[in-house]
Amino acid sequence: MKKTMSRTAGVVLGLALAGTLGATGVAEAQAQAQPSIQAPAAAPAISTAGAGSSAVEAPPASVVADLKAATSRARASLLPNARVICYAAHVQDIGWQSAVCNGSVAGTTGQSRRMEALAISTSGVGGVCADAHLADIGWQGWRCGGDGTVVTVGTTGQSRRMEALGVQVGSGSVGAQAHVEGYGWLGSVSGNPVYVGTTGQSRRMEAVRIWV
């Protein structure tokens, strides 16, 4: 009888945790401590749209349209002046994924696939700057754009892993969490700017969550 009650209590507790945290939240609860990251130089002002490496390839028009539509939908589902961040990942052997917003997972987990690029769009935060740390390149250079502009970091067509990501918004704070080879989900961080992933360890980022 006691064993049955114990099992029942365990199931109830597990369901409560799943309901509170969600599938990703359970992974968060098991996340390891954030490894140290060698941060890049400070981000430029958001108004310097397009700052950074000119080698960054813009995503296809369909990806840009999907991101802008996702941002508009997310804003419409909230208050008119809601803070929104949407993003789409370019993943090994998959290419560009569909856009997700406000803390949802972009990329993959459990598939050993590297993230190669990330495109970001915002609303209600005064724009965004992003920088990617890439295999054999290091920090690529900040790229910035105002609300409604799609900012892209990383590479496509080079089979090059993204290892870390820096994100800064124009106002308020931003949060992020990375899923990294050999670690799984690292601890979430918040501030402005924030950095997730690893540097100097040759580990691929596999997925990311961002929220504002």
Side-chain angles (χ1 to χ4, degrees), residues 10-40 67 70 74 85-120 128 130-140 151-156 158-169 173-212:
V11 170
V12 171
L13 178 59
L15 290 172
L17 279 172
T20 302
L21 299 175
T24 303
V26 173
E28 286 183 42
Q30 300 170 345
Q32 300 194 30
Q34 179 78 33
S36 60
I37 296 177
Q38 183 180 357
L67 264 170
I85 187 164
C86 297
Y87 40 98
H90 189 279
V91 177
Q92 174 187 358
D93 299 327
I94 293 176
W96 286 105
Q97 297 179 317
S98 297
V100 296
C101 303
N102 295 342
S104 295
V105 176
T108 60
T109 60
Q111 298 183 36
S112 300
R113 297 181 189 272
R114 64 181 174 268
M115 274 182 57
E116 298 177 340
L118 190 73
I120 307 173
V128 64
D131 194 358
H133 190 281
L134 307 175
D136 303 319
I137 291 178
W139 286 109
Q140 188 176 31
V151 172
T152 307
V153 293
T155 60
T156 58
Q158 298 185 31
S159 301
R160 192 181 301 279
R161 68 181 175 269
M162 182 184 294
E163 299 176 343
L165 175 72
V167 182
Q168 176 174 309
V169 291
S173 65
V174 59
Q177 185 180 25
H179 190 283
V180 175
E181 173 190 1
Y183 285 120
W185 284 108
L186 302 180
S188 61
V189 295
S190 60
N192 198 32
V194 295
Y195 306 98
V196 293
T198 62
T199 58
Q201 298 186 35
S202 300
R203 296 181 186 271
R204 65 179 175 268
M205 275 183 61
E206 299 175 342
V208 68
R209 301 172 59 233
I210 310 172
W211 56 93
V212 290

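Heads up: numbering here begins at 1 and tracks the sequence.
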Euclidean distance, Thr199 OG1 relative to Leu134 CG, rounded to 0.5 Å: 12.5 Å
Locate the shortest heavy-atom distance separating Val180 from Gly197; write the atom from each residue and the value. CG2-CA, 3.9 Å
Would a 4.5 Å heavy-atom cut-off, applied to side chains only, mark Val212 and Val128 as touching? no
Are the side chains of Val100 and Tyr87 in touch, meaning some heavy atoms are under 4.5 Å apart? yes
Looking only at non-hydrogen atoms, find the nearest pair between Trp139 and Gly166 and report the distance. CZ3-N, 3.9 Å
Closest heavy-atom contact between Gln140 and Thr155? NE2-CG2, 4.1 Å
Atom pair CE/NE2 of Met162 and His90 - distance to nearest 0.5 Å: 10.5 Å
Nearest-0.5 Å distance that lies between atom CD1 in Ile137 and atom CD in Gln158: 6.0 Å
Rounded to the nearest 0.5 Å, what separation is found between the CD atom of Gln38 and the NE2 atom of His133? 7.0 Å
Counting C-beta onward and ignoring hydrogens, is there a side-chain heavy-atom pair between Val196 and Leu186 closer than 4.5 Å? no
So do Arg209 and Trp185 actually touch side chain to side chain, heavy atoms under 4.5 Å? yes
Residue that, paired with Arg204, satisfies side chain to side chain contact (heavy atoms under 4.5 Å, CB included) out of Glu116, Arg113, Arg161: Arg161
Closest heavy-atom pair and its distance - Asn192, Ser173: CB-CA, 4.3 Å
Does any part of the side chain of Asn102, heavy atoms only, come nearer than 4.5 Å to the side chain of Ile85, both counted from C-beta? yes
Taking every heavy atom of Leu67 against every heavy atom of Ala88, the minimum-distance pair comes out as CD2-N, 4.0 Å
Side-chain touch Gln177/Trp211, heavy atoms, less than 4.5 angstrom: yes
For a 4.5 angstrom cut-off between non-hydrogen side-chain atoms, does Glu181 reach Thr198? no
Can you name the closest pair of heavy atoms from Thr108 and Gln97 and give their distance? CG2-NE2, 3.8 Å
